[in-house]
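Residue numbers begin at 1 in each chain, while the letters A, B, ... track the order of the sequences.
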Amino acid sequence: MQFTLNEIQKEIKENSTKLLKENIDLLETIQKVDDNCRLDENIWKLVIEQGWLALDVPESDGGLGFSNTDTAILSEVLGYYMPIIPLFSSGVVFKNLLFLSNENIKNTILPEIISGEKIGTYCVYENDKYLTSSDEISTTLTKDKNGYILNGQKKYVMFGDVSDYFAILANSEEGLMFVLVNKDSEGLEIKQTSSLDQTRPMCEINMKEILISDDEIMIGSDSCINAWEKVKNISLGYLAMEQVGGAQACLDMSTQYAKERIQFGRPIGSFQAIQHICANMLVQLESAKSVAYSAVRTDTSDDLEVEMSAMLAKSYCSEVFNKIAGDNIQVHGGIGFTWEHPAHLFFKKAKSDSLLLGTPKLARDKIAELLSL
Amino acid sequence: MNITVCAKQIPDPANETSYDNGIIVRPEEQVLDDTDRYGIEIALQLKEKYDAEVTIISMGPAGTMKGLQQALQMGADKALYVDDDSLKGANSLMTANVLSELAKTTNADIVIFGTESTDGYSGTVPQQVSRFLNLDCISYVKAIEIGEDVSLTRQTSEGSEKVKMPQNCVISVTAGGVEPRYPNFKDIMAAKSKPIEKVELSTLNITTDQNLEFISIEALENSKNGEKIIDEGEAFQVIVDKLKELKVI
């Protein structure tokens, strides 16, 4: 296993960093979230033009054919600058669901997603247990003479109000299935909800008697659970990279401030208490980086290995990002607690990220199960 | 149409620059000077209009050629460079001589520069190259409009002026009018197979001598601006008065 970035990966990191660094100012992000911005269209346009959404798509599917690891580097950079764009929901989770969808849906929708022409999102959870077993999913898909009828409610739908397509996990007589719903479908109601991490606006969706044709079954009951677990585990690797990027931003912010802020006639970074905090942040971050990179470097054909590394990444990187984002506020003192300082964006993102696609506790339970403990 | 853009590789401005006898110490890995991105952008817009070929020319230690790669990633077609120890610390006239000779090898119709390099700041090379090539020089170009004709907007001390672009000329481009494009990943990969060719100095017709000698180099003194106000309960009033004096409020 390679532990350093290769030349291509360095170029990806360098170019994506340059793009976001030159176009994102966190103070403006604060203003944007204050104005309830639901999508930063300028950044989204730039990201689309750069081909970020096509990077990990095989050339045979119209993509650029880069590896998961190469692409996940973008997530690390996104975590650092946290633009308000649906790269995770559309470019990672929804896109990976498309890879496992029926050929017709994949061939029709994938080009629209990787070109950025359309945005997709996933609608899986209905409560804060983040479980996807059949008895936790009350959204129903009932067989009808013309296909199926979809009813139910989904929570935590990321970028729902700006999405064109919704991959909805529903319970049918045959078992769980993913169905594709268009934003214009009759019976679909999208409601904005407040989000802890305002750079990932959330929605709640209500589905009432939505007609679903057989062609709109993305993933049938025979493979739905396995497909979702695979997509979730791959996505958790990307999420871990975002968490590492966010934690790195917090560490950089802290060390910079520790050098600049003068108290008692000298920079606060000269005080041992601050030095210890910063040193511990670095140690934790480096460990988290190893775990996150390991998750995105795992061979995706090995389901067991992917699951183990994803759960480890989910558990460890969530804890580390939360700790470092909190420590960042402590290093900054009073200013770090104000709305005008970006520290709160990272703090809230850390908490919110740790709840995406399941909690750290669920991840640890899974690890115990995999180890037969 | 052949468009030639002069681009310089410079030490990454994010790092501290170090000097040896007045000469910048250049690391193996140098980056494309940001000021040259504006010139490359103008060239690429012309290329899209006229289906031209864009060649990057450069002088200086090639190192890893990262800066040249970055220029190719933006969309230039090929790069030529001269890297010769005898050019270390070359003055602007010598640099202009080498670059104009390089430009001749590309049969350039238009030669484009940034206004001045970020590490050298002489700001005289474009004009000197135009003299070597016996072409008009249009300086401080900040924007280009491509319609039926091509017109250039020049920055002037009092505003701007629009001029019609001649078929053959040397242009120096200043920042602000065009937005240099970010290379996408397809372009980044494509750049790896674009040709980068070293040209031997001995094959060029160099007629000038190096006649500039560095005597000393000094860093800028720290700014002494700013006034310390001790707050004894009335500091806000002093600040308000100051802002009024500066007509800020």
(message) How long is the straight-line distance from CG of B:Asp34 back to NZ of A:Lys18, given to the nearest 0.5 Å?
(response)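 Result: 4.5 Å between the selected atoms.
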(request) Calculate, to the nearest 0.5 Å, the distance between atoms CE and CD belonging to B:Met189 and A:Glu11 respectively. (result)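 B:Met189 atom CE to A:Glu11 atom CD measures 7.5 Å (nearest 0.5 Å).
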Does [X] have more than 12 heavy atoms from other residues, nucleotides or ligands lying within 6.0 Å of its [atom1]?
| X | atom1 | answer |
| --- | --- | --- |
| B:Asp51 | CG | no |
| B:Lys192 | NZ | yes |
| B:Lys242 | NZ | no |
| A:Asp299 | CG | yes |
| A:Phe337 | CZ | no |
| B:Glu16 | CD | no |
| A:Glu41 | CD | no |

(message) Looking at every non-hydrogen atom in both residues, tell me the closest pair between B:Pro183 and A:Asn15 and how far apart they are.
(response)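 Smallest interatomic distance, heavy atoms only, reads CG-OD1, 3.7 Å.
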(request) Determine the option with the most heavy-atom pairs under 4.5 angstrom with chain A, choosing from B:Arg37, B:Arg181, B:Gln70. (result) B:Arg37
(message) Report, in residue-number order, which members of residues 57-72 of chain A are under 4.5 Å from chain B by heavy-atom distance.
(response)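 Listed by number, the contacting residues are A:Leu64, A:Phe66.
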(message) Counting only non-hydrogen atoms closer than 4.5 Å, can you tell me which residues of residues 234-264 of chain A sit against chain B?
(response) none
(message) Pair A:Glu49, B:Tyr182 - check side chain to side chain contact (heavy atoms under 4.5 Å, CB included), show working.
(response) CA-CA 9 Å; A:Glu49 284 171 359; B:Tyr182 293 97; over 6 Å; no
(request) Side chain from CB out, backbone as N, CA, C, O: work out which of these in B:Gln69 comes under 4.5 Å of a heavy atom of chain A, or both, or neither. (result)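 No part of B:Gln69 comes within 4.5 Å of chain A.
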(request) May I ask you to decide whether B:Lys66 forms a salt bridge with A:Glu14, counting only side-chain N to carboxylate O separations under 4.0 Å? (result) yes
(message) Using heavy-atom distances under 4.5 Å, tell me whether A:Ile12 contacts chain B through its side chain, its backbone, both, or neither.
(response)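 Both the backbone and the side chain of A:Ile12 come within 4.5 Å of chain B.
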(message) Can you tell me which portion of A:Ile48 sits under 4.5 Å from chain B's heavy atoms? Options are side chain, backbone, both or neither.
(response)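 The answer is neither part of A:Ile48.
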(request) May I ask you to test the A:Gln50-B:Ile188 pair for a side-chain heavy-atom distance under 4.5 Å? (result) no
